[in-house]
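Convention: sequence-line order gives letters A, B, ...; per-chain numbering from 1.
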Amino acid sequence: MPVISAEMPDTPESNYDRLTIAEATAIQKDLRSKLSLIPLEKPVRTIAGADISLSLYSQTVYAGIVILSYPKLQVVAYSLVKGNTNFPYVPGYLAFREIPSILKAFEQMPVKPDLIMFDGNGILHKRRMGIASHFGVLTDTVTMGCAKKKLAGLYTEPGETKGQFTAVTDSGETIGFAVRSKNNVKPVFISPGHQMSLQDSLDIAFKCIGKHRLPEPTRKAHEYVNLFRTGALQEGYHEVDEWKLF
DNA sequence: GCGACAG
DNA sequence: ATCTTGTCGC
């Protein structure tokens with residue numbers, strides 16, 4: 001029984017807006033069967049952060065993907081796209097609200113990043129299909145998630161100092177980690193999205209932590225989409241001038 | 001019925 | 001997520 005049919009169109013752009021929760025759940029279960037958590041196979045040279053910004057009481061979404069060099073973590077390019085969303089925010093179904101626009105930003109990039117970090121979860125999800133995993137399977141790319149709040153599972157609070165972490169489990173299975181990215185701040189929740197292991201997600205997350213609570217990829221993505229929404233940056237694909245990179 | 005609940 | 005001012009801490 002195919003999940004995709006004439007009644008249920010096959011592209012995020014055209015159909016996610018009209019899905020019922022039951023249909024969305026069916027899609028997540030189907031995508032889960034295609035999920036892969038094999039260890040990273042290729043070296044990471046660029047890592048991107050993906051996020052969207054919204055105006056209060058507006059259905060317009062400002063999506064963006066910011067590519068940073070790795071491991072230096074300097075912004076080298078970014079793709080910004082203005083889109084629309086009608087699918088409401090429902091915990092567990094964030095992908096259906098944000099992916100259509102982020103996908104446009106992704107398709108607009110002439111060169112894709114080696115890995116994309118999402119502002120949300122990967123397998124740290126009831127059905128192991130958070131936005132990072134969803135996007136990864138959909139586009140066959142390497143992804144991981146970094147959420148600011150816990151969505152599912154159980155965990156014990158990690159030590160208060162930077163670098164401490166604990167596992168987030170669901171029925172005894174580890175589905176992610178609660179990572180203290182800075183002293184005395186709430187932990188961030190890390191999990192693999194697609195084509196990488198739990199250990200990989202933890203390793204990458206640590207190498208992306210700078211002076212702030214949020215890892216650089218998602219922190220920059222959040223910053224750029226906000227600048228886009230407020231008019232400081234324009235829609236389109238942009239590359240940072242070489243001279244700004246040293 | 002009550003608590004949980006990414007953005 | 002977004003709307004907002006001051007304020008506490010490193």
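- A:Ile131 comes within 4.0 angstrom of a nucleotide base, judged by non-hydrogen atoms across all strands.
- A stacking contact links A:Tyr89 to B:dG7: the aromatic ring centre lies within less than 5.5 Å of the base's six-membered ring centre, and the planes differ by less than 30°.
- Following rounding to the nearest Å, A:Leu124 (CG) and B:dC5 (C1') show an atom-to-atom distance of 13 Å.
- Rounded to whole Å, the distance from CG on A:Asn183 to P on C:dC10 is 10 Å.
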Item to complete: Give the C-alpha distance, both sets of side-chain angles, the deciding distance and a yes or no for side chain to side chain donor-acceptor pair (under 3.5 Å) between A:Thr218 and A:Asp119.
Response: CA-CA 6 Å; A:Thr218 46; A:Asp119 189 350; over 6 Å; no
Restricting to nitrogen or oxygen on both sides, can you table the protein-nucleotides 1-8 of chain C pairs closer than 3.5 Å?
from: C:dA1; atom 1: OP2; to: A:Lys148; atom 2: NZ; distance (Å): 2.8
from: C:dT2; atom 1: OP1; to: A:Ser53; atom 2: OG; distance (Å): 2.9
from: C:dT2; atom 1: OP1; to: A:Asn226; atom 2: OD1; distance (Å): 3.2

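- Close placement of the A:Phe135 and A:Phe118 rings is indicated, their centers lying within 6.0 Å of each other.
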Discussion item. For Watson-Crick and G-U wobble pairs within 3.5 Å on both distances, what is DNA chain C written in dot-bracket notation, | included for inter-strand pairing?
Written reply: ..........
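- Using a cutoff of 4.0 Å between basic side-chain nitrogens and carboxylate oxygens, A:Lys220 and A:Glu223 are scored as salt-bridged.
- Nucleic acid contact for A:Gly145: none, since no nucleic acid atom lies under 4.0 Å from a heavy atom of the residue.
- More than 12 non-hydrogen atoms from other residues, nucleotides or ligands lie less than 6.0 angstrom from NZ of A:Lys112.
- Under the 3.5 Å distance criterion, the side-chain polar atoms of A:Arg180 are matched with a main-chain donor or acceptor of A:Gly159.
- Nucleic acid contact for A:Phe87: none, since no nucleic acid atom lies under 4.0 Å from a heavy atom of the residue.
- When the C1' atom of B:dG3 is taken as reference, atom NZ of A:Lys126 falls 14 Å away, rounded to whole Å.
- In A:Arg127, the CZ atom is crowded: over 12 heavy atoms of neighbouring residues, nucleotides or ligands sit closer than 6.0 Å.
- An OP1 or OP2 oxygen of B:dA4 is reached within less than 4.0 angstrom by no side-chain nitrogen or oxygen of A:Lys150.
- Atom NE2 in A:His125 sits about 12 Å away from atom C1' in B:dG7, given to the nearest Å.
- Whole-Å rounding puts the A:Leu151 CG to B:dA6 C1' distance at 5 Å.
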Worksheet item: Which is it for A:Tyr93 and A:Thr25 under the side chain to side chain donor-acceptor pair (under 3.5 Å) test, yes or no, and what are the steps along the way?
Response: CA-CA 8 Å; A:Tyr93 300 86; A:Thr25 301; 2.7 Å; yes
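- Proximity of a side-chain donor or acceptor of A:Arg213 to a complementary backbone N or O of A:Lys186 within less than 3.5 Å is detected.
- With rounding to whole Å, A:Tyr155 atom OH is found 9 Å from B:dC5 atom P.
- Going from atom CZ of A:Phe135 over to atom P of B:dG7 covers 18 Å, rounded to whole Å.
- Rounded to an integer number of Å, the gap from CZ of A:Arg127 to P of B:dC5 is 15 Å.
- Aromatic rings of A:His238 and A:Tyr224 (six-membered ring for Trp) have centroids beyond the 6.0 Å cut-off, not under it.
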